[in-house]
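The block underneath contains the structure these notes are about, expressed in structure tokens.
Position 1 is the first residue of the sequence, and the numbers go up from there.
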Amino acid sequence: MTVAETAAPAADGAVRIGIRLRALRAEQGLTIPALAAKASLSAGLISQIERGQSNPSIKTIQRLTSALGVNLWAFLGAAEAEPGGEPGPEAAETPPFVQRRAQRPRVLVGPSRMVKELLSPRGERGLRFLMVTLPPGAAAEEMLTGPGEKGGYVVSGRVVLTVDGQQAELAEGDSFQFDSRQPHGLANRSGREATILWIMSLLQPDP
């Protein structure tokens, strides 16, 4: 946990995470101190998250989901429609192998304000892919490691990918793949937003 994490300003994504966390905690009959003990987090931080006053880091979210016995996307719950839009009538007829744009689960992660949108349809499958958006100057240094593979494609902008201490500057159209047991991080050191299609096998916990 960092000072930046606990002091992160409230945002729509943080409010949704807070509401979902409070609901899941209540469903399991856990007090804030009890959940804090299970997740090895402070009760104060959990209270801030539930009030929408903190954008939790991905490691914090992973601790919470493990303590609650749910995966990341179950934790996020049903996605809301994009601002200014509603799911069309086709949403009710969507087959299980399709994920509609308006129904994507979306989360704002940590002080970097990185946005992750789940592109994979719901279900327990061996492959998951997301759209990751990094604002200018943002860095994701708390990426989870574990057995499996991660890969991706830079849709727009420029990013710096670090894998096991080795850095690569990637531009639009570049792609990558690596063993996700290696420590890794992603940063946007440019002055414009960057978007990455992020793909992973599911031998490791949710990212």
Side-chain angles (χ1 to χ4, degrees), residues 1-2 4-5 8 13 17 39-41 55-67 69-76 79 97-99 101 104-207:
M1 176 189 7
T2 65
E5 178 180 327
I17 288 175
S40 299
L41 297 168
N55 284 318
S57 72
I58 199 65
K59 284 191 175 179
T60 295
I61 291 176
Q62 197 273 336
R63 287 184 180 183
L64 289 169
T65 56
S66 294
V70 298
N71 66 37
L72 174 61
W73 305 108
F75 175 79
L76 294 177
F97 54 84
V98 172
Q99 175 74 289
R101 179 177 180 178
R104 292 177 192 165
R106 179 179 182 275
V107 61
L108 184 69
V109 180
S112 70
R113 305 184 70 78
M114 176 175 66
V115 176
K116 290 188 173 186
E117 294 180 85
L118 180 65
L119 304 181
S120 301
R122 300 293 181 91
E124 297 302 323
R125 297 178 176 86
L127 183 69
R128 186 158 289 166
F129 57 108
L130 309 91
M131 192 69 75
V132 175
T133 304
L134 280 171
E141 299 174 348
E142 292 191 331
M143 312 289 277
L144 297 180
T145 58
E149 293 280 321
K150 291 186 179 181
Y153 172 84
V154 181
V155 177
S156 64
R158 303 181 71 90
V159 296
V160 176
L161 175 67
T162 303
V163 178
D164 200 23
Q166 185 173 5
Q167 290 191 346
E169 186 169 337
L170 305 175
E172 183 176 324
D174 291 341
S175 55
F176 57 90
Q177 184 175 348
F178 58 90
D179 185 328
S180 61
R181 289 173 295 188
Q182 298 174 304
H184 53 279
L186 192 65
N188 179 2
R189 298 174 183 168
S190 73
R192 57 173 290 206
E193 184 177 89
T195 304
I196 303 95
L197 178 62
W198 191 264
I199 306 166
M200 69 204 76
S201 64
L202 287 183
L203 299 178
Q204 75 275 0
D206 282 301

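The CD1 atom of Ile196 sits 8.5 Å away from the CG atom of Leu170 when rounded to the nearest 0.5 Å.
In this structure the side chain of Arg192 reaches within 4.5 angstrom of the side chain of Ser156, judged on heavy atoms. Annotation: side chain of Thr133 is not in contact with side chain of Met114 (no heavy-atom distance under 4.5 Å). Looking at heavy atoms from C-beta onward, Phe178 lies in side-chain contact with Leu161 at the 4.5 angstrom threshold. When side chains are defined from C-beta on, Met131 does not count as touching Val115, because their heavy atoms never get closer than 4.5 Å. Residues Leu127 and Ser201 fail the side-chain proximity criterion, which asks for heavy atoms closer than 4.5 Å.
When all heavy atoms are compared, the tightest approach of Glu172 to Val155 is CG-O, 3.2 Å. Minimum heavy-atom separation, Tyr153 to Gly173: CE1-O, 3.5 Å. Between Asn188 and Arg158, the closest heavy-atom pair is OD1-O, 3.3 Å. Smallest separation of non-hydrogen atoms from Val98 and Pro121: N-CG, 3.7 Å. A pairwise comparison of heavy atoms in Ser180 and His184 identifies O-CE1, 3.8 Å as the closest pair. Here the closest heavy-atom approach between residue Ala171 and residue Val154 is recorded as O-CB, 3.4 Å.
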### Task
List the steps and the verdict of side chain to side chain contact (heavy atoms under 4.5 Å, CB included) for Gln99 and Leu119.
CA-CA 6 Å; Gln99 175 74 289; Leu119 304 181; 5.7 Å; no
### Message
For Ile199 and Gln177: C-alpha separation, side-chain torsions, deciding distance, then whether side chain to side chain contact (heavy atoms under 4.5 Å, CB included) applies.
### Response
CA-CA 9 Å; Ile199 306 166; Gln177 184 175 348; over 6 Å; no
### Task
Using the side chain to side chain contact (heavy atoms under 4.5 Å, CB included) rule, take Arg104 and Leu118 through it: C-alpha gap first, then chi angles, then the decisive distance, then the call.
CA-CA 6 Å; Arg104 292 177 192 165; Leu118 180 65; 5.7 Å; no
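Relative ring orientation between Phe176 and Trp198 is described as tilted, the plane-to-plane angle lying within the 30° to 60° band.
In this structure, the side chain of Ser66 does not engage the main chain of Arg63 through any donor-acceptor pair within 3.5 Å. Panel note: side chain Arg128, backbone Ser120; no donor-acceptor pair is recorded below 3.5 Å.
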